[in-house]
Amino acid sequence: MIISVKDLRKVFTKERREVVALDGFDLEVLESEFVCLLGPSGCGKTTVLRIIAGLESKTSGQVLVHGKEVASSRPRVGMVFQEFALFPWRSSKKNVEFGLEVRHVPRDGRSKVADKYLDLVGLSGFAEAHPHELSGGMKQRVAIARALANEPEVLLMDEPFGSLDAQTRNLMQRELLRIWAATRKTVLFVTHSVDEAVFLADRIVVMTARPGKERESIEVLLPRPRDRTSPEFIAVRSRVLSELDEEFEKARARELSHSPEVKNNA
Amino acid sequence: MARNLLLAAVVAVAAVVIVGAYAATVLMREDNGGSVNYLRMPPATMAASLSGGGIDGYIAWEPFVSEAIVGHTGEVLFWSEDIMPEHPCCVVAVSQDFLDQPNGPEVTKRFLKAHLEATQWMVDAMADTTSDEYALLKTLAMEFTTRNESVVEEALKHLEFRYAVDAAMLSGLETFVDMYIETNQTTLAAVQGRGYGSVEDLVVTYVNETYLEGAVSVAPASSPLTPVVRAGYLLGDLHQLAYYVAWNGRVLGGEQSLFQKYGVVVENASGAPYANGGVVMDNFAGGNVDIGYLGAPPALIKHITIGTKIVIVAQVNIEGSGLVVRSGSGIQDIEDLVNRTIATPGETSIQHLLLKIALDREGLDLVLKT
Amino acid sequence: MNAILKWFKKMPRSQWKLILLVASILLFIGVWYAVSWWTELRDPVQGSLVPPPDEVASSFYWLLSNKDRATGIYLFQHMFTSLERVFLGFALAFALALPSGLLMGRSWVAEGLARPIVEIFRPIPPLAWAPAFLIIFKIFWGPVAVVFLGVFFPILFNVMLGARSVDRTLIDAARTLGARRSDVFTKVVLPYTVPYLMTGVTVGLGIGWMCIVAAEFVSAEGGGLGYFILANSDFGYYPEMYAGMVLIGILSVLTTGLAGLFEREVYKRMGMD
């Protein structure tokens, strides 16, 4: 068990109003497992990721990475963001070296590791390029290399392909699986695309609408590479979609009942 | 990255400082063996700078000399009369354009009548320091200079107000022009270029006594005569107190001012009071000032360099400047000033010129402190 | 005729810019001549306050190898004095404004504490301090302090703005990569702020030149260009005065150009051009 989350609760205070983002959320992720977190928007998927990464504090509950509480130790996790979050003033290679740099790895060692991971993501030829010279897909490759270069125990990915065009997105999904196969890292991947989740994951965790908790955990037992047009793929997809649709409906209904303007008009 | 930036900034600064220092030491200092350093400074800040240690001494007009005496920050090394007895100081000048107006000469005479009566009133008041007039004079002096009573009282002791055009004045003006020529600040050719045969010719033509002579017979007027006089004068210069006395109603018991008594309407020219005589000359040139109070040297130099068309019509005061050195500085005579820093009101001021003349006699130079 | 027209039409933008630059300078000189001629015609005395460009140019040439008549030292000595003061004031302001701006941009406590003080002092023109600084910091450092104030605030506020607008996800990314607070500061906030800093530097340099000239009007050890201008104007040496003013213009253009080059070099190194 590499990630173990039990009874996680997170309350935000927004303009003096308390919003319960997560309540009673449980999650367990095994070593080398590829898990997708799926749920209606605002269900707290990203918050789960940020709490595991140590970027956000929890209100209550237990979050263990490798058996250690996240709040007290800084877990060795890598995170990949939707906005790439590359340092624009650093070349690809220098971006990849960042984690090693702050951990005081000597220059030679940094360079070797960076080269290795740039090669892994297929960007050896772009080591000296700066982010503004790269396409969106290339940027995300750099970001993945950067996260991996730190040799994390877990790779957290927050809708990493959300801002890419459809074709690049498909390509990057295949690339990610290749990289995952090569490194066997544990991956926790947040997405709102059912198709993406079914294509990538060993297991899909569908979350409820806010306050978010686990609604259903669906194992995807299809062999890789998966064929998006196969009946088996479509069957899993339909199942996940129907789970999700129910949550969407719930979320929408609640939104309407909470909206004073709608009430007045009705 | 940040380190590179800082490094570059430091290198750039260092380079400039080094080059600047090199230039300052090697190229600038030629032979400073027998010279006194000077700095330009507004007189109002001189006493404070002296006590702050920024300068070793200063030469200025009253009341800024007495300010240091009363405040015990400095002592007077010499008064200007020690350098040049009865030297001219401030003068009244009229623009030629004003004199060319229909009533210009007549209004000028009336103005001068008020000026000479004010000057006479001050001279009389100062003759008896127990009189009511002296008390009023002190009050007016304090208002005009914004200095306190003890400073003004001390300053008045060192002043002599004199309106008359006399031989000492003319020879003094000649000395000033000769000094300008001697130090290459102007040339005899430039003087001749203005249509004067010689320096003496310049002085006797530039100073025109006829208006002052005509003023003596001016009688009190029942109604004012135009044009209005736009007057220029210097900020807080006790030498020019006559202007404030003539303008102020209290001297005649509050009914009317001396200017009003003689039927002349006087208003402060725009921007007046001015910082120095050069500025008064610029305002003459720009047509903003009709009659102005200013030091004789600036009146002379700009008349020569750019041909500002004015005429000197009267004196305001003689002497009344002094060189102050910091108490305990060990400066006891002029030679002790070598390598010290003395503040002056500026290169064209009479004080600067007098200091230059004094040093010149001892074979010393006055150079800008670098 | 047509061929010439065609040739003109085909000329690249960069060449046009050069032609426009020359035209602009010629136009300026032409207007200057006209104004000088017109004032001279109206009143010879006022005319001498606006000498024609060639008179100013020959004065400038004369000043290259002669001590100026008003102050008795060389023009380039005045120039060095001013340059030295501008760079000293600038360097001090830079060294202090950069860390203060970063701190105020990133820490609400620092900002809460410093902002009211800064807001009180900011609108005061640096020149208002000149007489006081002359007495407090003496004759050399007084004008430097005026330049310092003029340069300090543009840099401070630009850096603060930059530090405050740092992309949140960049900091998150750095933290997940193991960066501590100090790493975030030096490796994320500081580089992010550099373009803002450069804006502050360019604005500050311009203000610095304005400050030094005016501060030297009050008083100045070793002269300086402001002093040179004032003294020459006192004597009525107007061609010299304008030569000094032209020199200030040239120096200001040069230093701003230098800052621009520096900025481009920095951007290039940071890969942001």
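Only the backbone of A:Leu86 comes within contact range of chain C, judged by heavy atoms closer than 4.5 Å. For C:Arg180, the part lying near chain A is the side chain, with the backbone staying farther off; criterion is any non-hydrogen pair under 4.5 Å. With a 4.5 Å cut-off on non-hydrogen atoms, C:Asp167 does not touch chain A at all.
Chain C is approached within less than 4.5 Å, heavy atom to heavy atom, by A:Arg146, A:Ala147, A:Asn150 from residues 135-150 of chain A, ordered by number.
Most heavy-atom pairs under 4.5 Å with chain A: of the set C:Ile171, C:Leu170, C:Thr169, this distinction falls to C:Leu170. Counting heavy-atom pairs under 4.5 Å between each of C:Asp183, C:Val188, C:Asp172 and chain A puts C:Asp172 at the top.
No close placement of the C:Phe137 and C:Trp129 rings is indicated, their centers lying 6.0 Å or farther apart.
Of all heavy-atom pairs spanning C:Arg175 and C:Arg168, the tightest one is NH1-NH2, 4.3 Å.
A salt bridge is absent between A:Glu97 and A:Arg103: the closest approach of a Lys/Arg side-chain nitrogen to an acidic carboxylate oxygen does not fall below 4.0 angstrom.
Taking the six-membered ring where tryptophan is involved, the planes of A:Trp89 and A:Phe87 are tilted, since the angle between them lies from 30° to 60°. Between A:Phe34 and A:Phe189, the ring planes lie tilted relative to each other; the angle falls in the 30° to 60° range.
The side-chain tip of A:Arg184 points at the ring of A:Trp180 from less than 6.0 angstrom away and within 45° of straight on.
Side-chain contact, C:Ser165 with C:Tyr196: a donor N or O sits under 3.5 Å from an acceptor N or O.
Judged purely by atom type and a 3.5 angstrom limit, A:Lys93 has no side-chain atom pairing as donor or acceptor with the backbone of A:Ala114.
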